[in-house]
Amino acid sequence: MLERYNKAKRILLEKEYAKLNPEQKQAVFAPCDGTALILRAGAGTGKTTTVVNKIAYLIKYGDAYPPSDSLPAGITEEILKLMESGEAKAEDFIKYIANNPIPPYRILAVTFTNKAANEMKERICDMVGSGAEDMWVGTFHSVCIKILHRYIDRLDRFNGNFTIYDTDDAKSLLKSCVKQLDLNEKEFTPAYLLNIISGCKNKMMTPEDFENEASGNFKQTKIAQVYTLYQRRLKESNALDFDDIINHTVKLLKDNPDVAERLSGRFRQVIVDEFQDTNDAQYEFVDIISCGCKNLCAVGDDDQSIYGWRGANIDHIMNLGSTARCLTINRNYRSYDSIIDVANSIIKNNRYRFEKELRANIFGGEKVTYNCCESDYEEGRYVADTVERLVREEDRKYSDFTVLYRTNAQSRIFEECLMRLGIPYKIVGSLRFYERQEIKDMLAYLRVLANPSDIISLRRIINLPKRGIGQTTVDMIENLANMTGRSGFDIVKNCENFESIKRARSGLLSFASLMNKIAAFASENPVSELIKYISDTADLQSEYIKEGEDICASRLENIGELMNMAAELEQQSGDEPYTLSDFLERMALVSGIDEMEDDAGVTLMTVHTSKGLEFPIVFVVGLEETLFPSIRNFIEDEKEIEEERRLCYVAVTRAKEKLFLTCANRRMTYGKTSYNPVSRFIKEVPENLLNDISTPLHNGFETDSTIEHFERASGVSFANFVSSNYKKPDFSKAAGVKSFVQRESRGNQSFDIGDRVTHKKFGEGTVGNITVSGDMTVLTVDFDKFGRKNIISSVVSKL
DNA sequence: CAACCTCTAATTTTT
DNA sequence: TTAGAGGTTG
C-alpha cells in the first residue's frame, strides 16, 4: 500500500508540473534536507519559471516528492484508488501529499532588481493565490532596509528616518570630505574615491582595515582618512549609501546574534536569484540568513556574470558547487539553433567556468550574419538599412529590433542613421527618472523634512530657488553642524546664535520659515499633496523658467509625474498609512519608471542593460578589439577578458530569431581615427556558422595584416589613438608601454622577458611582462624614449 | 550670478 | 569629439 501511495503521489505531482522539462522538474522537486541547492540556469532556459514553480511547490507541498516511509494519517483504500485513478489533481489530495509545507512568510526570495522581484512575486501569487503576499520577496537592498528598520534600535546613532544616499549624493559628500581634509581635489576625485570605498565595502573592509593595509603608504593613508571621515559624516547625516545598506545589515546581524538567530530561524528557504552577481557582503548576508547556506537555493549562471567590476564575485557560484546539490538546466527555449551555436562557440573559450553547453530547442533559423564595415558610419547605415529592409520585406515591426553596444558613446551614430531614415527608436537606460535634476530637487526638500540631518540634501535646496545664501555660508553651516552635533537644519533655524553665518540671516530665516510651513502642511496631508504644495510654495518654477519655457514645462511635468507616483502608491497601500519615509525609501531603491515604455521603435542599449531581456532581432555592434573587448579590461589580466567574453555571450543570447554581428574597420574615437582589429570573439566563431557579408577587402579574419594594411594605406599608426594619453590612476605596475601582438598570424615570433624589441613608431624597448590570452600575446614593453606610462596596441618585432 | 573660456578626461551601472 | 567642471570676468 505504501508503495502504491508513493507511486500515485509521484504521478500526481509530475502531472501538476507537466509543463516543465525533466531538468526543471528535478529542480522543483529537489529535497529540502539542509543541503544547499545550486541551480545553474543558462540563458533563455526558463529560469524564472522554474524558480516560481519551485516556490509554489514548496508552499503547497513542502518536501513532498521524496518517497514517504509511512502512510499519512487518514488515508484509505478508497482515497488511494482515487489518487491512482489519474483523473484528479494533486491539489485535491493536498493534505495527504504535502509534507511539511512551508508557509509563505517563512520564504525569502532575493533578487537584484525591482523588476525581477515584482515579476517573481506576481507569478507566485498567480500560482498559489492568497497567502503568498506574506513572502519576503525583494532586492538585497529592500530586504536589508526592512531588517534595518525593524531593528533600528540596535544601530548605533542611526534613527528610522535615515536617508539613502545614491551615487551622486555619495560623491557630493566625498567631495566635501576631501575639502575638509584639505587634499588635492584633482588627485582625489569623488568618483575615484567612491570606487575604492565601494570596493572596500563590498569586501567588508572597514576604514580601520584599510588603514592597516595602507601601512604608511602616503596615498593609501590619505584614502583611509577620507573613508573614515566619509563614514563619520554619513552617520552624522543619518544617512546610508547603497553599500552601507548591505554592510550595516551584516554588521547588525553579526553584532546581535539574537537577531541573526531569529531571522535565520524564521526562514526555512532562502532563494537567491542571479547568484553569480553577489558580492562578498551580499554573500555573507545570505550565509547568515540561510543558516550557513543550509536553507539556500542559489540560482544563477556563471557564464552571465558581468558585474565583476562592481564587486560581484563569481567565485561564490563556483565554490558553492562543491558542497551543494548542483542542477543544471540547459535547454534553451528562446533562440534558434544557429544563434545558440554561435553563443556556445564563444563562451567555451573561457577557462574559469562550469563546462556546459546550451542546447537548442528551436531549429531552422537562418545563419547569423557578420558584417565588417568600412567605418563606424557604414556600420550605422548598415543597421538602419537592414531595419528598413526587414520592415519592408518581412513585415517586421520596428520594436522587433534592438541594437546592443558596449559603450553608451556608440549610440550616437545609430541614432543619427536611424533618424535619417525616419525610423523611430528609443534609448534605454540613459537618463533615469530619479536622476533628473528636478526630481532630485523635490526629493531633497522631502528628505530634509524627514531627516533634518541630511546635509547633502540641505545643501541642494538651501539656495534653491535663490535666497542669497552663498557657498561660504553653506560650508559654515556644515562645519557648525559637525562641531555641535546638531542637525544642519537646526543650525539654520538658529542662525542668529552663530556669528559666522549671521550675515546671511535673512535668507536663512526665510528658508527656515518656508520649511516650517511645509512641515506643518506635511503633518496634515498625504505625500502627493505635499509635493504639489512644495512645488508651489517654494516656487521652484522661478528657478526652472530661467532655462527656458520648454525645459521648465518638462521639469514641472516630471514633478507632476512624481506626484502621480505618490498618489498611486498611497492608493495601493489602502488603509495602511503611507508615510513620507515609505515614499522616500521607495524612491531611493526604485530606479523610477521600471517598465520600458512600449512605444514602437528600435531599442538601443548597452549590453549590460540587456541582461535578462530578449528580442526578436538583435544587432551586436562594434565587435572590435579595444572596444569589445574593451581595451581597459584585457590589459590587466585574463580574468577580465573572460568577463568581456561573458558579456559578448550575454549579448548574443538576447536574440530570438535573427542575429547580426558587426564591426568597423575605421572608427572615430576621442576625435581621432582609429583602426581596430576585428574582435577575437568573432574569430572564435567557426566561419561556417557565419554568413560573412563584409566587403571582400576587410573580411577581417587576418587581424594583424589588417593593422598593417591600414597603417600602410592610411599613413596613420594604429597605435596612434590608443597611445594618445591613456593614464590609469594608480597604475603602479611596471612602468612602460604596453603592446599586444597577434601571435598566431605572426607565427614565427615568441618573446621572453628582457627581449629587446623594436616598433615602427616608438623605436626600441625592452619586454617587461608577457601575458598570453587566447592566441593574443600582450607584451608590456619599456620603450626607451617614453618616460610616461602609455598603452598602445600595435606590432613590435624582435631585434 | 550669469556668461564665457579653458582644461581635462573619456567603460559597463541591478541598488 | 564632446561633455562637464572649474575659473574668470562683466
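First the proteins, then the strands, lettered A, B, ... as listed; each starts at 1. Computed from heavy atoms alone, side chains included, the values below leave out hydrogens, waters and symmetry copies.
Here A/Thr111 does not reach the OP1 or OP2 of B/dT14: none of its side-chain N or O atoms lies under 4.0 Å away. Contact between the side-chain N/O atoms of A/Asn408 and the OP1/OP2 oxygens of B/dT13 is found at a separation under 4.0 Å.
Of the N and O atoms on the side chains of A/Arg666 and A/Ser375, not one donor lies less than 3.5 Å from an acceptor on the other residue. If you check the side chains of A/Ser674 and A/Thr669, you find a donor sitting under 3.5 Å from an acceptor. In summary, the side chains of A/Gln282 and A/Glu284 do not present any donor paired with an acceptor at a separation below 3.5 Å, with no hydrogens or angles considered. A/Asn451 and A/Asn161 are not linked by any side-chain donor-acceptor pair at a separation below 3.5 angstrom, with hydrogens and angles left out of the test. Side chain to side chain, A/Tyr352 and A/Asp315 meet the donor-acceptor criterion of an N or O pair below 3.5 Å. Remark: the A/Asp244 side chain and the A/Tyr165 side chain contain no N/O donor-acceptor pair separated by less than 3.5 Å. Donor-acceptor pairing under 3.5 Å is lacking for the side chains of A/Gln304 and A/Arg646.
When heavy atoms are screened at a 4.0 angstrom cut-off, A/Thr609 is found touching the sugar-phosphate backbone but no base atom. Nucleic acid contact for A/Asp243: none, since no nucleic acid atom lies under 4.0 Å from a heavy atom of the residue. Residue A/Tyr307 is classed as a base contact, given a heavy-atom separation below 4.0 Å to a base. A/Arg412 comes within 4.0 angstrom of sugar-phosphate atoms only, judged by non-hydrogen atoms across all strands, and of no base.
Here A/Trp309 lies parallel enough and close enough to stack on the base of B/dT12, with planes under 30° and ring centres under 5.5 Å apart.
Spacing between atom CZ of A/Arg645 and atom C1' of B/dT12 amounts to 18 Å, rounded to whole angstrom units. Computed from coordinates, the A/Gln304 CD to B/dT12 C1' distance equals 16 Å when rounded to whole Å. Atoms CG (A/Asp277) and C1' (B/dT12) sit 13 Å apart, rounded to a whole Å. When rounded to the nearest whole Å, the span between CG of A/Asn195 and P of B/dT13 equals 15 Å. Between the P atom of C/dT1 and the CD atom of A/Glu415 lies a distance of 19 Å, rounded to the nearest Å. Between the CD atom of A/Gln276 and the P atom of B/dT14 there is a distance of 15 Å, rounded to whole Å. Across the protein-nucleic acid pair, A/Glu640 atom CD and B/dT11 atom P stand 15 Å apart, rounded to whole Å. Nucleotide B/dT15 holds its C1' atom 14 Å from the CG atom of A/Asp168, rounded to whole Å.
Nearest to the side-chain atoms of A/Thr167 among the listed nucleotides B/dT11, B/dT14, B/dT15 stands B/dT15. For A/Ser630, taking side-chain heavy atoms from C-beta onward, the closest of the listed nucleotides B/dT14, B/dT11, B/dT12 is B/dT11. Of the candidate nucleotides B/dT11, B/dT14, B/dT15, B/dT14 has the atom lying nearest to any side-chain atom of A/Phe112. Nearest nucleotide to the A/Lys466 side chain, out of B/dT11, C/dT1, B/dC1: B/dC1. Of the candidates B/dT14, B/dT12, B/dT11, the closest approach to any side-chain atom of A/Tyr670 belongs to B/dT11. Distances from the side chain of A/Phe242 to the nucleotides B/dT15, B/dT12, B/dA2 place B/dT15 closest. Side chain of A/His608, nearest nucleotide from B/dT13, B/dT11, B/dT15: B/dT13.
Judged by a 6.0 Å distance limit and a 45° cone about the ring axis, A/Arg654 is not positioned over the six-membered ring of A/Phe615.
When the shell of 6.0 Å around NZ of A/Lys440 is examined, it contains more than 12 heavy atoms from other residues, nucleotides or ligands.
Residue A/Lys186 is the one, among A/Lys186 and A/Thr113, whose nearest nucleotide of DNA chain B lies closer to the 5' end (criterion: closest heavy atom).
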Distances under 3.5 Å between protein N/O atoms and the N/O atoms of nucleotides 5-10 of chain C, please, pair by pair.
| from | atom 1 | to | atom 2 | distance (Å) |
| --- | --- | --- | --- | --- |
| C/dG6 | OP1 | A/Lys175 | NZ | 3.3 |
| C/dG6 | OP2 | A/Lys175 | NZ | 3.4 |

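Taking 3.5 Å as the limit, the base of B/dT15 and the side chain of A/Arg310 contain a donor-acceptor pair of atoms between them.
For the P atoms, the distance from B/dT12 to C/dA5 is 16 Å, rounded to whole Å.
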